[in-house]
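As a basis for the values below, the full set of heavy atoms in this structure was taken, side chains included, without hydrogen atoms, waters or symmetry mates.
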Amino acid sequence: MSTPSFAVAILGCGPTGAVLANLLGRLGLRILVLEREPEVHPIPRATHLDEETLRNFQATGLMSELWPHTCEFGEAEIVDEDGAPLMVDRIGERDNPHGYDGSRFFDQPAFERVLRDGLRRYPQVHLELGVDVLGIDVHADYVVLTARRADGESLVVRADWLVGCDGGRSLTRGVIGATMTSLAPRRHWLIVDTLLRDLADDAALPGRFRYRLGRERLSIFAHGIGRNRRWEFQLGEHEDAPDEATVRRWLARDLDPDRLEITRIAKYAHNALLATIWRSGRVLLAGDAAHMMPPSAGQGMCAGVRDAVNLAWKLHRVITGRASHVLLDSYEHERRPHVEQVLRGTLFIGARLQADDALQRWRRRLVLRLVGRVPPLLALTRRLGMRHPRLRHGCFDPASRWHGHPLPQVQVRRGDLDLSLDDLLGYRFALVVRAECVTPRLREWAAGHDIALARPGVDFEAHAADLLAFLRARRLDFVLVRPDRQIFGAGDVTALPRVQAAFDARFAPVRPAPREPVTSARPSR
């Protein structure tokens, strides 16, 4: 029998792979997702979502199902060894443009189940669970994957493109010859995941995300969602993982450990790593396969989801013949510097909290108490630690001052329907333009490139944070925004021909996509 063929094969169905598969499915591509584990891992690995990542999950069209599995993150605090507060700050991006108010805790297993179930909306997307990929054979125009199902059945498939979302031990990364570059020494930690036996005991626990600057070690308490509560304890460079009796003594500082069900005790390393290359020919990396970072700022999974939202539409444009393969070079050009800046912000936070001897601990306590009491210092620390850099180089009109900035998401009304701007525009290019600037020729150009045309005040009304006010404040008549909600180009009406030319230089007009061969939904031997 012929080898089943797909436009894109995705290795790994964690959050990054699952978001990527949902977006590519939404765009109509034939996708295969291969995941080693037969079930979603029941214990959360990540616990935090920032506002941009919430917006990125929204792009899957599944936010109504995902939202109930989140709760407000609120404030984080740093306390000394006796529990006295040194610094308290609300976790969230000030004046963020993404349409969400503050970071949130989330239930990762529940999110992954929703995302996997979401793939059922797309009959051309096939999810294979419990599959071990044994080999990847890369050709000039396609990739062949050899795998084995849990029952021992062999599986051979062909894909035009392969995206490795297969984690820190990525097989895909080795295939393209990428290695990991370290930006900082690794630190060893012990993670302790628990469930409250009685939710009433929550009143005895810290009400915030907490860093405790202990005399022997730094520790973290994360409230989590539902009954999930997590502690993390820093270990010395050569310190072995303690036994459970010792762990229970550590937990007893906050709560009688008999009131908890311990679900996991594991030693792991905080790494600060970037892959040397993210693409080679038909193979790309995303998520932990491309970068790993300490959890100090809660950005590891967020970065992977940003990868997926940046990459999906680019793959679609290339596969459907609307852009050359060069477009995919912009994926690494945009994402790698961004990840590096976020990673350095994470390391900045970690460096403020680490201390290896008595003098360092004394200095740490002094500095953090000062920062907590002086608002300008707190604002500076927040800016250096929670970095949200713009995208400067990549698929943009570089002459536009606002390129690489996110378009604000506002709530809008269209007819009798209330919805968010992103849901109105969809995961596609959109031209948000003042109504008086629209001409028949502009309409024809937008339609030819499958660009949504949106006229504030005519096609929709904004409830709050009026989009017209955003345009007026920046003297903009139009904004051409990418599917990932980054501004491709913007300006007054005289700049419109220049931005159109920059777009035309990168993208061909829409033409019918080639018909794909009909193959079995379940790849055969």
Side-chain angles (χ1 to χ4, degrees), residues 1-25 29-43 45 60 108-139 142-176 178 280-290 301 304-305 307-308 311-312 315 319 516-525:
M1 296 182 64
S2 61
T3 301
S5 182
F6 298 85
V8 182
I10 300 170
L11 264 59
C13 198
T16 301
V19 169
L20 181 61
N22 273 278
L23 295 176
L24 292 174
L29 295 179
R30 182 170 165 78
I31 306 301
L32 174 67
V33 187
L34 299 175
E35 167 58 46
R36 175 180 298 175
E37 299 300 326
E39 301 289 342
V40 168
H41 190 67
I43 301 172
R45 294 181 173 93
T60 66
Q108 182 177 347
F111 260 53
E112 292 191 23
R113 293 187 190 101
V114 170
L115 292 167
R116 291 184 184 187
D117 288 345
L119 296 178
R120 297 175 183 172
R121 297 173 294 175
Y122 310 113
Q124 80 282 9
V125 176
H126 305 281
L127 172 61
E128 287 269 0
L129 300 174
V131 175
D132 265 323
V133 176
L134 305 176
I136 301 172
D137 191 9
V138 182
H139 298 261
Y142 61 93
V143 178
V144 175
L145 297 98
T146 305
R148 182 176 57 238
R149 295 190 175 99
D151 61 7
E153 183 181 7
S154 296
L155 176 67
V156 178
V157 295
R158 171 175 165 159
D160 296 332
W161 297 88
L162 170 65
V163 183
C165 305
D166 46 347
R169 299 178 180 177
S170 170
L171 171 66
T172 314
R173 188 173 61 237
V175 166
I176 67 172
S280 177
R282 295 273 173 162
V283 183
L284 303 103
L285 304 176
D288 283 357
M301 190 211 66
V305 174
D307 293 345
L311 179 57
L315 279 168
I319 290 167
E516 295 177 342
V518 177
T519 58
S520 168
R522 177 178 169 86
S524 57
R525 294 175 189 267

Point to revise | CG-CG distance between L32 and L11, expressed to the nearest 0.5 angstrom | key: 8.5 Å

Review point. Where the side chain of Q124 meets the backbone of G25, is there a donor-acceptor pair that is under 3.5 Å apart?
Key: yes

Check your understanding: Should the heavy atoms of other residues, nucleotides or ligands under 6.0 Å from CZ of R121 be counted, would the total exceed 12?
Key -> yes

Exercise for review: Report yes or no: does D137 contribute a side-chain atom to a donor-acceptor pair with the main-chain N or O of V144 at less than 3.5 Å?
Suggested key: no

Exercise for review: Look only at the side chain of R173 and the backbone of A289, and say whether a donor-acceptor pair between them is shorter than 3.5 Å.
Suggested key: yes

Revision key, fill the gap. For L129 and P38, the nearest pair of non-hydrogen atoms, with its separation, is CD1-O, 3.6 Å

**Study point:** L127 side, atom CG; L115 side, atom CG - distance, nearest 0.5 Å
**Key:** 11.0 Å

Review point. Do you know which two heavy atoms are closest between L23 and A308, and how far apart they sit?
Key: CD1-O, 3.9 Å

Practice item. Show your reasoning for whether side chain to side chain contact (heavy atoms under 4.5 Å, CB included) applies to T60 and V114. Key: CA-CA 11 Å; T60 66; V114 170; over 6 Å; no

Study note, to complete from the structure: When rounded to the nearest 0.5 Å, the distance separating CG of D166 from CG of L285 is 7.5 Å

Check your understanding: Which heavy atom in L284 sits nearest to a heavy atom in W161, and how many Å separate them?
Key -> CD1-CE3, 4.0 Å

Check your understanding: Which atom pair, heavy atoms only, marks the closest approach of R30 to H126?
Key -> NH1-NE2, 3.1 Å

Check your understanding: Where do V305 and P15 come nearest, in terms of heavy atoms and distance?
Key -> CG2-CB, 4.5 Å

**Study point:** Side chains of L29 and Y122 in contact at under 4.5 Å (non-hydrogen atoms)
**Key:** no

Exercise for review: Report the C-alpha distance between L119 and N22 in whole Å, list the side-chain angles of each, state the deciding distance to 0.1 Å, and finish with yes or no for side chain to side chain contact (heavy atoms under 4.5 Å, CB included).
Suggested key: CA-CA 6 Å; L119 296 178; N22 273 278; 3.5 Å; yes

Study note, to complete from the structure: The side-chain contact (heavy atoms from CB on, under 4.5 Å) partners of D288 (sequence neighbours excluded) come to M292

Point to revise | pair L20-V8: side-chain heavy atoms closer than 4.5 Å | key: no

Check your understanding: Does R45 have any side-chain contact (heavy atoms from CB on, under 4.5 Å) partners at least two apart in sequence or in another chain, and if so, which?
Key -> H41, Q108

Exercise for review: Given side chain to side chain contact (heavy atoms under 4.5 Å, CB included), test I136 with T172 step by step and report yes or no.
Suggested key: CA-CA 8 Å; I136 301 172; T172 314; 4.2 Å; yes

Check your understanding: Less than 4.5 Å apart, any side-chain heavy atom of L315 and any of V163?
Key -> yes

Check your understanding: Considering all heavy atoms of both residues, which atom of L145 and which atom of A9 are nearest to each other, and what is their separation?
Key -> CD1-CB, 4.0 Å

Study note, to complete from the structure: From the list L162, V138, V133, side chain to side chain contact (heavy atoms under 4.5 Å, CB included) with V175 holds only for V138

Check your understanding: Which distance, rounded to the nearest 0.5 Å, do you find between the CD of E112 and the CD of E39?
Key -> 12.0 Å

Review point. Between the side chain of R120 and the main-chain N/O of D117, is any donor-acceptor distance below 3.5 Å?
Key: no

**Study point:** Flag, side chain of D307 to backbone of G287, donor-acceptor distance under 3.5 Å
**Key:** yes

Review point. Does atom CZ of R36 have more than 12 heavy-atom neighbours, drawn from other residues, nucleotides or ligands, at distances under 6.0 Å?
Key: no

Exercise for review: For residues V125 and L24, determine if any side-chain heavy atom of one lies less than 4.5 Å from a side-chain heavy atom of the other.
Suggested key: no

Review point. Do E35 side-chain atoms and C13 backbone N/O form a donor-acceptor pair below 3.5 Å?
Key: yes

Exercise for review: Using the test salt bridge (Lys or Arg N to Asp or Glu O under 4.0 Å), find all partners of R282 that sit at least two apart in sequence or belong to another chain.
Suggested key: D141

